[in-house]
Amino acid sequence: MSATIALISLGCAKNQVDSETMLGMLSRRGYRFTEEPARADIIIINTCGFIEDAKKEAIEQIFDAVRLKEAGLVRGVIVTGCLSQRYRAEIAAEIPEADAFLGTTSEAHIAEAVEAVLRGEKFEMYDGAHDAPLFGSRILSTPPYTAYLKIAEGCDNRCSYCAIPIIRGPFRSTPIEPLAGQAQELADGGVRELCVVAQDTTRYGEDLYGKRSLTALLERLCSIDRLRWIRLLYCYPDKIDESLLQFMKDNDKIVKYLDIPIQHADEDVLRAMNRSGSAQSLLERIAHIRELLPDAALRTTLITGFPGETERQFETLCRFVKQARFERLGVFAYSAEEGTPAAGMDGQVDEDVKQRRRQVLLDIQAGISAELLHEKRGQILTVLVEGRGAADGTYTGRTYMDAPEVDGQISFTAGRRLRAGEFVPVRVTGAQEYDLTGEMIE
(Lines give C-alpha, C1' and ligand atoms only; values in the text may rest on other atoms or scores of the structure.)
Protein backbone atom coordinates (compact mmCIF):
# COMPACT_ATOMS: atom_id res chain seq x y z
CA MET A 1 0.00 0.00 0.00
CA SER A 2 1.54 3.32 -1.08
CA ALA A 3 1.47 6.06 1.52
CA THR A 4 3.84 8.57 3.11
CA ILE A 5 4.74 8.38 6.80
CA ALA A 6 6.09 11.04 9.17
CA LEU A 7 7.46 9.57 12.40
CA ILE A 8 8.15 11.91 15.32
CA SER A 9 10.40 10.26 17.91
CA LEU A 10 10.50 11.72 21.42
CA GLY A 11 12.54 10.92 24.52
CA CYS A 12 15.65 8.82 25.01
CA ALA A 13 18.00 6.92 22.73
CA LYS A 14 16.25 3.65 23.60
CA ASN A 15 12.99 5.06 22.27
CA GLN A 16 14.88 6.27 19.20
CA VAL A 17 15.98 2.70 18.45
CA ASP A 18 12.33 1.62 18.59
CA SER A 19 11.43 4.39 16.15
CA GLU A 20 14.18 3.39 13.75
CA THR A 21 13.06 -0.24 13.86
CA MET A 22 9.47 0.78 13.12
CA LEU A 23 10.74 2.78 10.14
CA GLY A 24 12.56 -0.33 8.94
CA MET A 25 9.40 -2.41 9.20
CA LEU A 26 7.39 0.16 7.28
CA SER A 27 10.07 0.53 4.63
CA ARG A 28 9.90 -3.19 3.90
CA ARG A 29 6.17 -2.75 3.31
CA GLY A 30 6.88 -0.11 0.67
CA TYR A 31 5.96 3.04 2.60
CA ARG A 32 7.70 6.33 1.91
CA PHE A 33 8.84 8.82 4.54
CA THR A 34 8.91 12.56 5.06
CA GLU A 35 10.29 14.80 7.79
CA GLU A 36 7.43 17.27 7.23
CA PRO A 37 4.28 16.09 9.05
CA ALA A 38 2.00 18.27 6.92
CA ARG A 39 3.13 16.32 3.83
CA ALA A 40 2.40 12.89 5.31
CA ASP A 41 -0.59 10.60 4.96
CA ILE A 42 0.04 9.15 8.41
CA ILE A 43 1.79 10.77 11.39
CA ILE A 44 3.26 8.45 14.03
CA ILE A 45 4.29 9.95 17.39
CA ASN A 46 6.54 7.64 19.41
CA THR A 47 6.07 9.21 22.83
CA CYS A 48 8.04 9.51 26.04
CA GLY A 49 6.22 9.40 29.38
CA PHE A 50 9.15 9.37 31.78
CA ILE A 51 8.77 12.77 33.46
CA GLU A 52 6.20 15.56 33.43
CA ASP A 53 7.96 17.72 30.83
CA ALA A 54 8.23 14.74 28.47
CA LYS A 55 4.53 13.99 28.85
CA LYS A 56 3.63 17.60 28.08
CA GLU A 57 5.80 17.56 24.96
CA ALA A 58 4.21 14.31 23.79
CA ILE A 59 0.68 15.63 24.26
CA GLU A 60 1.54 18.83 22.38
CA GLN A 61 2.91 16.79 19.49
CA ILE A 62 -0.20 14.61 19.40
CA PHE A 63 -2.52 17.61 19.28
CA ASP A 64 -0.37 19.27 16.59
CA ALA A 65 -0.82 16.13 14.50
CA VAL A 66 -4.56 16.00 15.23
CA ARG A 67 -4.92 19.60 14.03
CA LEU A 68 -3.29 18.66 10.73
CA LYS A 69 -5.75 15.79 10.41
CA GLU A 70 -8.70 18.05 11.17
CA ALA A 71 -7.45 20.47 8.53
CA GLY A 72 -7.54 17.65 5.99
CA LEU A 73 -3.79 17.59 5.47
CA VAL A 74 -3.16 14.07 6.84
CA ARG A 75 -5.31 10.96 6.92
CA GLY A 76 -4.46 9.54 10.32
CA VAL A 77 -2.56 9.86 13.60
CA ILE A 78 -0.93 6.92 15.44
CA VAL A 79 0.37 7.17 19.02
CA THR A 80 2.99 4.69 20.23
CA GLY A 81 5.53 4.41 23.02
CA CYS A 82 5.73 5.16 26.71
CA LEU A 83 2.86 7.64 27.10
CA SER A 84 0.50 5.32 25.26
CA GLN A 85 1.61 2.33 27.35
CA ARG A 86 1.42 4.16 30.65
CA TYR A 87 -2.03 5.69 30.13
CA ARG A 88 -3.60 2.95 28.04
CA ALA A 89 -6.83 3.11 30.05
CA GLU A 90 -7.28 6.85 29.49
CA ILE A 91 -5.53 7.98 26.35
CA ALA A 92 -7.92 6.65 23.72
CA ALA A 93 -10.88 8.16 25.56
CA GLU A 94 -9.18 11.51 26.10
CA ILE A 95 -7.80 11.82 22.57
CA PRO A 96 -10.45 10.18 20.35
CA GLU A 97 -9.16 12.14 17.36
CA ALA A 98 -6.11 9.84 17.21
CA ASP A 99 -6.71 6.72 15.12
CA ALA A 100 -4.42 4.10 16.64
CA PHE A 101 -2.59 3.36 19.88
CA LEU A 102 0.27 0.92 20.43
CA GLY A 103 2.06 0.10 23.67
CA THR A 104 5.81 -0.20 24.09
CA THR A 105 5.66 -3.95 23.52
CA SER A 106 3.34 -3.73 20.51
CA GLU A 107 5.32 -1.57 18.12
CA ALA A 108 6.17 -4.63 16.00
CA HIS A 109 2.54 -4.30 14.82
CA ILE A 110 3.08 -0.81 13.43
CA ALA A 111 2.45 -1.85 9.81
CA GLU A 112 -0.88 -3.41 10.81
CA ALA A 113 -1.81 -0.17 12.54
CA VAL A 114 -0.93 1.93 9.51
CA GLU A 115 -2.88 -0.34 7.17
CA ALA A 116 -5.93 -0.23 9.45
CA VAL A 117 -5.85 3.57 9.66
CA LEU A 118 -5.53 3.89 5.88
CA ARG A 119 -8.69 1.75 5.61
CA GLY A 120 -10.44 4.18 7.93
CA GLU A 121 -10.43 1.81 10.91
CA LYS A 122 -9.39 2.34 14.52
CA PHE A 123 -6.57 0.21 15.90
CA GLU A 124 -5.36 -0.49 19.44
CA MET A 125 -2.89 -3.07 20.75
CA TYR A 126 -1.01 -3.61 24.01
CA ASP A 127 0.95 -6.84 24.25
CA GLY A 128 2.33 -8.29 27.48
CA ALA A 129 5.56 -6.92 28.92
CA HIS A 130 7.36 -10.25 28.44
CA ASP A 131 7.01 -10.18 24.67
CA ALA A 132 10.27 -10.03 22.74
CA PRO A 133 11.90 -6.61 22.45
CA LEU A 134 11.30 -4.73 19.22
CA PHE A 135 14.07 -5.90 16.95
CA GLY A 136 15.11 -5.90 13.29
CA SER A 137 16.70 -3.88 10.51
CA ARG A 138 16.46 -0.15 11.07
CA ILE A 139 16.41 3.13 9.19
CA LEU A 140 18.76 5.35 11.18
CA SER A 141 17.67 8.77 12.38
CA THR A 142 21.16 9.44 13.69
CA PRO A 143 24.01 10.57 11.41
CA PRO A 144 25.08 7.55 9.31
CA TYR A 145 28.35 7.06 11.19
CA THR A 146 26.74 6.76 14.67
CA ALA A 147 24.04 4.42 15.96
CA TYR A 148 22.59 3.12 19.23
CA LEU A 149 22.43 -0.58 20.03
CA LYS A 150 19.71 -1.36 22.57
CA ILE A 151 20.75 -4.57 24.31
CA ALA A 152 17.90 -5.01 26.80
CA GLU A 153 14.41 -3.79 27.60
CA GLY A 154 12.71 -2.94 30.89
CA CYS A 155 14.13 -2.67 34.39
CA ASP A 156 13.94 -4.47 37.75
CA ASN A 157 15.76 -1.92 39.90
CA ARG A 158 12.56 -0.29 41.18
CA CYS A 159 14.05 3.09 42.06
CA SER A 160 11.30 4.80 44.02
CA TYR A 161 11.08 7.82 41.71
CA CYS A 162 11.08 5.92 38.41
CA ALA A 163 8.12 4.80 36.29
CA ILE A 164 10.17 2.76 33.81
CA PRO A 165 9.25 -0.66 35.32
CA ILE A 166 5.58 0.38 35.13
CA ILE A 167 5.95 1.42 31.50
CA ARG A 168 8.52 -0.97 30.09
CA GLY A 169 8.11 -4.02 32.29
CA PRO A 170 10.79 -6.28 33.78
CA PHE A 171 14.40 -6.41 32.61
CA ARG A 172 14.95 -8.73 29.65
CA SER A 173 18.10 -9.00 27.58
CA THR A 174 18.36 -9.62 23.85
CA PRO A 175 20.65 -12.59 23.08
CA ILE A 176 24.22 -11.93 21.96
CA GLU A 177 23.98 -13.39 18.47
CA PRO A 178 21.11 -11.23 17.14
CA LEU A 179 22.73 -8.17 18.73
CA ALA A 180 26.01 -8.99 17.02
CA GLY A 181 24.14 -9.46 13.76
CA GLN A 182 22.46 -6.10 14.09
CA ALA A 183 25.79 -4.44 14.94
CA GLN A 184 27.38 -6.06 11.87
CA GLU A 185 24.54 -4.78 9.69
CA LEU A 186 24.97 -1.28 11.11
CA ALA A 187 28.72 -1.39 10.52
CA ASP A 188 28.21 -2.63 6.95
CA GLY A 189 25.93 0.37 6.44
CA GLY A 190 28.61 2.85 7.50
CA VAL A 191 28.27 3.07 11.29
CA ARG A 192 31.64 3.62 12.99
CA GLU A 193 30.51 4.57 16.52
CA LEU A 194 28.16 2.21 18.35
CA CYS A 195 26.55 3.44 21.57
CA VAL A 196 25.40 0.52 23.73
CA VAL A 197 22.23 1.34 25.71
CA ALA A 198 19.70 -0.25 28.06
CA GLN A 199 17.95 0.80 31.25
CA ASP A 200 20.76 -0.98 33.12
CA THR A 201 23.51 -1.87 30.64
CA THR A 202 25.78 -3.49 33.22
CA ARG A 203 23.12 -6.03 34.15
CA TYR A 204 23.03 -7.40 30.62
CA GLY A 205 22.63 -11.16 30.36
CA GLU A 206 21.64 -12.01 33.93
CA ASP A 207 18.20 -13.16 32.82
CA LEU A 208 19.46 -15.14 29.81
CA TYR A 209 22.78 -16.58 30.90
CA GLY A 210 22.53 -16.60 34.70
CA LYS A 211 25.35 -14.07 35.06
CA ARG A 212 26.30 -10.61 33.87
CA SER A 213 27.48 -10.99 30.30
CA LEU A 214 28.23 -7.48 29.06
CA THR A 215 31.91 -8.33 28.59
CA ALA A 216 30.99 -11.38 26.49
CA LEU A 217 28.79 -9.19 24.30
CA LEU A 218 31.54 -6.59 23.95
CA GLU A 219 33.96 -9.30 22.82
CA ARG A 220 31.62 -10.08 19.91
CA LEU A 221 31.15 -6.41 19.07
CA CYS A 222 34.90 -5.76 19.11
CA SER A 223 35.34 -8.49 16.48
CA ILE A 224 33.41 -6.37 13.95
CA ASP A 225 36.18 -4.84 11.87
CA ARG A 226 34.44 -1.70 10.67
CA LEU A 227 33.46 -0.47 14.12
CA ARG A 228 35.94 2.08 15.51
CA TRP A 229 34.30 3.24 18.76
CA ILE A 230 32.01 1.30 21.12
CA ARG A 231 30.58 3.53 23.84
CA LEU A 232 28.81 2.35 27.02
CA LEU A 233 25.82 4.27 28.41
CA TYR A 234 23.68 3.69 31.55
CA CYS A 235 26.18 1.67 33.61
CA TYR A 236 25.22 1.28 37.26
CA PRO A 237 28.27 1.94 39.47
CA ASP A 238 27.79 -1.09 41.74
CA LYS A 239 27.67 -3.40 38.70
CA ILE A 240 30.82 -2.15 36.96
CA ASP A 241 32.97 -5.18 37.77
CA GLU A 242 36.66 -5.88 37.37
CA SER A 243 36.26 -7.93 34.22
CA LEU A 244 34.48 -5.05 32.47
CA LEU A 245 37.09 -2.50 33.54
CA GLN A 246 39.95 -4.77 32.47
CA PHE A 247 38.27 -5.41 29.13
CA MET A 248 37.89 -1.67 28.58
CA LYS A 249 41.55 -1.18 29.44
CA ASP A 250 42.73 -3.89 27.05
CA ASN A 251 40.52 -3.08 24.04
CA ASP A 252 41.03 0.12 22.08
CA LYS A 253 37.60 -0.10 20.43
CA ILE A 254 35.90 0.40 23.79
CA VAL A 255 35.84 4.15 24.33
CA LYS A 256 37.26 5.11 27.72
CA TYR A 257 33.97 6.70 28.69
CA LEU A 258 31.43 5.52 31.25
CA ASP A 259 27.96 6.93 31.79
CA ILE A 260 27.21 6.19 35.45
CA PRO A 261 23.74 7.30 36.66
CA ILE A 262 24.24 8.05 40.37
CA GLN A 263 21.29 10.43 41.08
CA HIS A 264 22.46 11.48 44.56
CA ALA A 265 25.27 11.04 47.09
CA ASP A 266 23.60 11.43 50.49
CA GLU A 267 23.13 7.96 51.94
CA ASP A 268 19.67 8.62 53.41
CA VAL A 269 18.41 10.11 50.14
CA LEU A 270 19.80 7.16 48.22
CA ARG A 271 17.98 4.74 50.54
CA ALA A 272 14.75 6.66 50.02
CA MET A 273 15.38 6.37 46.28
CA ASN A 274 15.82 2.61 46.76
CA ARG A 275 19.40 2.90 45.53
CA SER A 276 22.61 1.66 47.08
CA GLY A 277 25.81 3.47 48.03
CA SER A 278 26.93 6.59 49.82
CA ALA A 279 29.17 9.53 49.03
CA GLN A 280 32.17 7.63 50.40
CA SER A 281 31.51 4.36 48.58
CA LEU A 282 30.82 6.18 45.32
CA LEU A 283 34.02 8.20 45.61
CA GLU A 284 35.95 5.00 46.26
CA ARG A 285 34.37 3.38 43.21
CA ILE A 286 35.19 6.38 41.04
CA ALA A 287 38.79 6.40 42.30
CA HIS A 288 39.12 2.71 41.45
CA ILE A 289 37.79 3.23 37.92
CA ARG A 290 40.25 6.07 37.37
CA GLU A 291 43.09 4.01 38.77
CA LEU A 292 42.51 1.34 36.11
CA LEU A 293 41.44 3.79 33.38
CA PRO A 294 43.41 7.01 34.05
CA ASP A 295 42.04 8.81 30.98
CA ALA A 296 38.42 7.74 31.49
CA ALA A 297 35.73 10.35 30.97
CA LEU A 298 32.99 9.78 33.54
CA ARG A 299 29.46 11.08 33.11
CA THR A 300 26.63 11.05 35.61
CA THR A 301 23.13 12.38 36.18
CA LEU A 302 21.76 13.78 39.44
CA ILE A 303 18.34 14.63 40.83
CA THR A 304 17.66 17.69 43.00
CA GLY A 305 14.63 18.16 45.23
CA PHE A 306 13.83 14.51 45.89
CA PRO A 307 11.12 14.29 48.61
CA GLY A 308 12.60 15.07 52.00
CA GLU A 309 15.92 16.37 50.64
CA THR A 310 17.20 18.86 53.21
CA GLU A 311 19.69 21.65 52.74
CA ARG A 312 22.25 19.55 54.59
CA GLN A 313 21.70 16.61 52.26
CA PHE A 314 21.94 18.90 49.26
CA GLU A 315 25.22 20.28 50.62
CA THR A 316 26.47 16.66 50.83
CA LEU A 317 25.64 16.32 47.14
CA CYS A 318 27.46 19.55 46.30
CA ARG A 319 30.58 18.43 48.18
CA PHE A 320 30.46 15.10 46.41
CA VAL A 321 30.32 16.75 42.97
CA LYS A 322 33.33 18.91 43.87
CA GLN A 323 35.27 15.84 45.03
CA ALA A 324 34.25 13.47 42.22
CA ARG A 325 35.05 15.98 39.45
CA PHE A 326 33.01 14.30 36.75
CA GLU A 327 34.01 15.17 33.20
CA ARG A 328 30.34 15.33 32.21
CA LEU A 329 27.27 15.83 34.41
CA GLY A 330 23.55 16.39 33.91
CA VAL A 331 21.03 17.51 36.54
CA PHE A 332 17.26 17.05 36.67
CA ALA A 333 14.80 18.60 39.09
CA TYR A 334 12.74 15.82 40.68
CA SER A 335 9.44 15.09 38.95
CA ALA A 336 6.74 13.32 40.97
CA GLU A 337 5.48 10.50 38.77
CA GLU A 338 2.13 8.98 39.59
CA GLY A 339 2.26 5.33 40.52
CA THR A 340 5.78 5.57 41.94
CA PRO A 341 6.47 5.29 45.70
CA ALA A 342 8.24 8.66 45.80
CA ALA A 343 5.17 10.50 44.54
CA GLY A 344 3.37 9.64 47.79
CA MET A 345 6.24 10.45 50.12
CA ASP A 346 6.06 13.22 52.70
CA GLY A 347 8.32 16.23 52.32
CA GLN A 348 7.70 17.10 48.69
CA VAL A 349 10.08 19.96 47.83
CA ASP A 350 8.84 23.24 46.32
CA GLU A 351 9.52 23.59 42.61
CA ASP A 352 11.54 26.79 43.02
CA VAL A 353 13.81 25.04 45.54
CA LYS A 354 14.33 22.10 43.17
CA GLN A 355 15.26 24.45 40.35
CA ARG A 356 17.54 26.59 42.51
CA ARG A 357 19.43 23.53 43.69
CA ARG A 358 19.69 22.28 40.13
CA GLN A 359 21.25 25.54 39.02
CA VAL A 360 23.72 25.49 41.91
CA LEU A 361 24.97 22.08 40.79
CA LEU A 362 25.17 23.17 37.17
CA ASP A 363 27.24 26.20 38.19
CA ILE A 364 29.61 23.98 40.20
CA GLN A 365 29.95 21.59 37.27
CA ALA A 366 30.61 24.42 34.80
CA GLY A 367 33.70 25.38 36.78
CA ILE A 368 34.89 21.78 37.07
CA SER A 369 34.34 21.12 33.38
CA ALA A 370 36.25 24.26 32.37
CA GLU A 371 39.21 23.27 34.56
CA LEU A 372 39.31 19.69 33.25
CA LEU A 373 39.06 20.79 29.63
CA HIS A 374 41.77 23.43 30.14
CA GLU A 375 44.08 20.57 31.18
CA LYS A 376 43.59 19.03 27.72
CA ARG A 377 45.33 21.95 25.99
CA GLY A 378 48.30 20.74 23.99
CA GLN A 379 47.08 17.11 23.88
CA ILE A 380 46.39 15.36 20.60
CA LEU A 381 42.99 13.64 20.61
CA THR A 382 41.23 11.49 18.05
CA VAL A 383 38.13 13.32 16.80
CA LEU A 384 35.07 11.95 15.04
CA VAL A 385 34.24 14.58 12.41
CA GLU A 386 30.58 15.58 12.39
CA GLY A 387 30.48 18.45 9.92
CA ARG A 388 31.46 21.96 8.97
CA GLY A 389 31.29 24.60 11.66
CA ALA A 390 31.02 28.34 11.20
CA ALA A 391 31.50 30.24 7.96
CA ASP A 392 35.24 30.46 8.69
CA GLY A 393 35.68 26.91 7.43
CA THR A 394 36.23 25.16 10.76
CA TYR A 395 34.91 21.68 11.45
CA THR A 396 33.05 20.28 14.44
CA GLY A 397 33.39 16.85 15.97
CA ARG A 398 33.50 14.82 19.15
CA THR A 399 36.31 13.27 21.15
CA TYR A 400 36.05 10.06 23.15
CA MET A 401 34.85 12.22 26.07
CA ASP A 402 31.64 13.22 24.32
CA ALA A 403 28.59 11.04 23.63
CA PRO A 404 26.18 12.12 20.89
CA GLU A 405 23.61 14.81 21.74
CA VAL A 406 24.26 15.06 25.49
CA ASP A 407 27.91 16.15 25.73
CA GLY A 408 30.21 18.77 24.24
CA GLN A 409 32.14 19.09 21.00
CA ILE A 410 35.41 20.32 19.56
CA SER A 411 35.69 22.97 16.85
CA PHE A 412 38.89 22.74 14.84
CA THR A 413 40.69 23.86 11.71
CA ALA A 414 41.90 21.46 9.03
CA GLY A 415 44.27 21.71 6.11
CA ARG A 416 42.15 19.54 3.82
CA ARG A 417 38.52 18.79 3.16
CA LEU A 418 37.07 16.31 5.66
CA ARG A 419 34.09 13.96 5.52
CA ALA A 420 31.56 13.49 8.29
CA GLY A 421 32.32 10.18 10.00
CA GLU A 422 36.07 10.44 9.48
CA PHE A 423 38.46 10.09 12.44
CA VAL A 424 41.30 12.61 12.56
CA PRO A 425 44.01 13.65 15.07
CA VAL A 426 43.46 17.12 16.55
CA ARG A 427 45.71 19.11 18.85
CA VAL A 428 43.69 20.95 21.51
CA THR A 429 44.43 24.68 21.48
CA GLY A 430 41.67 26.10 23.67
CA ALA A 431 38.84 25.29 26.06
CA GLN A 432 35.56 26.78 27.21
CA GLU A 433 33.17 25.46 29.89
CA TYR A 434 32.02 22.45 27.89
CA ASP A 435 33.71 22.59 24.50
CA LEU A 436 37.21 22.52 23.01
CA THR A 437 38.94 24.16 20.07
CA GLY A 438 41.86 22.74 18.15
CA GLU A 439 43.78 22.21 14.93
CA MET A 440 44.02 19.03 12.93
CA ILE A 441 47.46 17.41 12.74
CA GLU A 442 48.38 16.41 9.18
Side-chain angles (χ1 to χ4, degrees), residues 9-21 48 50-51 54 82 133 138 140-143 145-155 157 159 162 164 168 171-174 179 182-183 186 191-206 212-215 217-218 220-222 227-241 244-245 247-248 251 253-263 275 285-286 289 293 295-303 326-332 384 386 398-409 434:
S9 188
L10 305 175
C12 67
K14 298 175 286 293
N15 218 36
Q16 188 172 353
V17 172
D18 292 348
S19 295
E20 293 171 352
T21 309
C48 176
F50 183 46
I51 60 175
C82 292
R138 294 149 55 186
L140 294 184
S141 55
T142 54
Y145 48 82
T146 294
Y148 295 97
L149 183 71
K150 185 169 74 167
I151 65 173
E153 183 61 274
C155 189
N157 289 326
C159 300
C162 184
I164 292 298
R168 292 277 180 175
F171 184 87
R172 52 207 188 276
S173 306
T174 300
L179 287 173
Q182 184 175 161
L186 291 168
V191 168
R192 297 296 173 262
E193 177 189 37
L194 196 66
C195 299
V196 177
V197 298
Q199 297 297 339
D200 184 350
T201 302
T202 35
R203 195 185 165 194
Y204 173 78
E206 280 187 0
R212 296 175 196 161
S213 304
L214 180 59
T215 301
L217 171 62
L218 294 176
R220 291 286 283 109
L221 299 180
C222 284
L227 290 178
R228 177 73 178 271
W229 280 357
I230 299 171
R231 187 182 297 274
L232 300 178
L233 305 177
Y234 307 104
C235 299
Y236 274 62
D238 57 332
K239 300 188 184 85
I240 300 173
D241 58 29
L244 176 58
L245 292 174
F247 189 84
M248 292 183 69
N251 290 270
K253 283 190 179 182
I254 308 296
V255 177
K256 305 307 182 278
Y257 174 105
L258 280 170
D259 172 35
I260 307 171
I262 287 173
Q263 313 307 357
R275 295 178 68 93
R285 192 72 188 132
I286 290 165
I289 293 171
L293 303 172
D295 296 325
L298 302 184
R299 182 180 216 285
T300 197
T301 50
L302 302 171
I303 295 173
F326 289 98
E327 281 75 15
R328 304 289 184 264
L329 184 145
V331 188
F332 298 91
L384 172 56
E386 296 205 290
R398 289 183 288 108
T399 72
Y400 77 95
M401 301 180 293
D402 300 300
E405 302 179 58
V406 296
D407 292 327
Q409 64 178 18
Y434 300 109

(message) Between Arg398 and Thr146, is there a side-chain heavy-atom distance shorter than 4.5 Å?
(response) yes
(message) Within the 4.5 Å heavy-atom criterion, are Phe326 and Leu302 side-chain neighbours or not?
(response) no
(request) Indicate whether any N or O donor in one side chain lies under 3.5 Å from an N or O acceptor in the other, for Gln16 and Ser9. (result) no
(message) Please give me the minimum heavy-atom distance between Thr142 and Ala147, naming the atom from each residue.
(response) OG1-CA, 4.0 Å
(request) May I ask you to decide if Cys222's main-chain N or O and Lys253's side chain share a donor-acceptor pair within less than 3.5 Å? (result) yes
(request) Considering non-hydrogen atoms only, spot the tightest contact between Arg275 and Cys159 and give its length. (result) NH1-SG, 3.3 Å
(message) Using the rule side-chain contact (heavy atoms from CB on, under 4.5 Å), only one of Ile262, Leu329, Asp259, Ile286 pairs with Leu298; which is it?
(response) Ile286
(message) Under a 3.5 Å distance rule, please check whether Glu193 uses its side chain to pair with a backbone N or O of Trp229 as donor and acceptor.
(response) no
(request) Please report the closest heavy-atom contact between Cys12 and Tyr234, naming both atoms and the distance. (result) CB-OH, 4.4 Å
(message) Less than 4.5 Å apart, side chain to side chain, heavy atoms only: is that true for Phe332 and Gln263?
(response) no
(message) Given 3.5 Å as the limit, does a donor-acceptor pair link the side chain of Tyr400 with the main chain of Asp295, or not?
(response) yes
(request) Mind running side-chain contact (heavy atoms from CB on, under 4.5 Å) on Met248 and Leu258 for me, showing each step along the way? (result) CA-CA 10 Å; Met248 292 183 69; Leu258 280 170; 3.9 Å; yes
(request) Using side-chain contact (heavy atoms from CB on, under 4.5 Å) as the criterion, point out the one residue from Val255, Thr202, Leu218, Val197 that pairs with Leu232. (result) Leu218
(message) Donor-acceptor pair, distance only, cut-off 3.5 Å: does the side chain of Thr201 make one with the backbone of Cys235?
(response) no
(request) State which residue, out of Asn15, Asp18, Thr174, fulfils the side chain to side chain donor-acceptor pair (under 3.5 Å) condition with Lys150. (result) Asp18
(request) Determine the minimum heavy-atom distance between Tyr257 and Arg299, stating which atoms define it. (result) OH-CD, 3.0 Å
(request) Taking all heavy atoms of Gly408 and all of Asp402, pick out the closest pair and write down the distance. (result) N-OD1, 3.1 Å
(message) Run the side-chain contact (heavy atoms from CB on, under 4.5 Å) test on Arg138 and Val17 for me, step by step, so that the C-alpha distance in whole Å, both residues' side-chain angles and the decisive distance to 0.1 Å come before the verdict.
(response) CA-CA 8 Å; Arg138 294 149 55 186; Val17 172; 3.9 Å; yes
(message) If I compare all heavy atoms of Asn251 with all of Lys256, which pair ends up nearest, and what's the gap?
(response) O-NZ, 3.1 Å
(message) Measuring from atom CD of Glu206 to atom OG of Ser173, what distance do you get when rounded to the nearest 0.5 angstrom?
(response) 8.0 Å
(request) Step by step, work out the side-chain contact (heavy atoms from CB on, under 4.5 Å) result for Tyr204 and Val196. (result) CA-CA 11 Å; Tyr204 173 78; Val196 177; over 6 Å; no
(message) I want to check something: taking the side chain as every heavy atom from C-beta on, are Leu149 and Gln182 in contact at a cut-off of under 4.5 Å?
(response) yes
(message) With heavy-atom distances below 4.5 Å as the criterion, would you say the side chains of Ile151 and Leu214 are in contact?
(response) yes
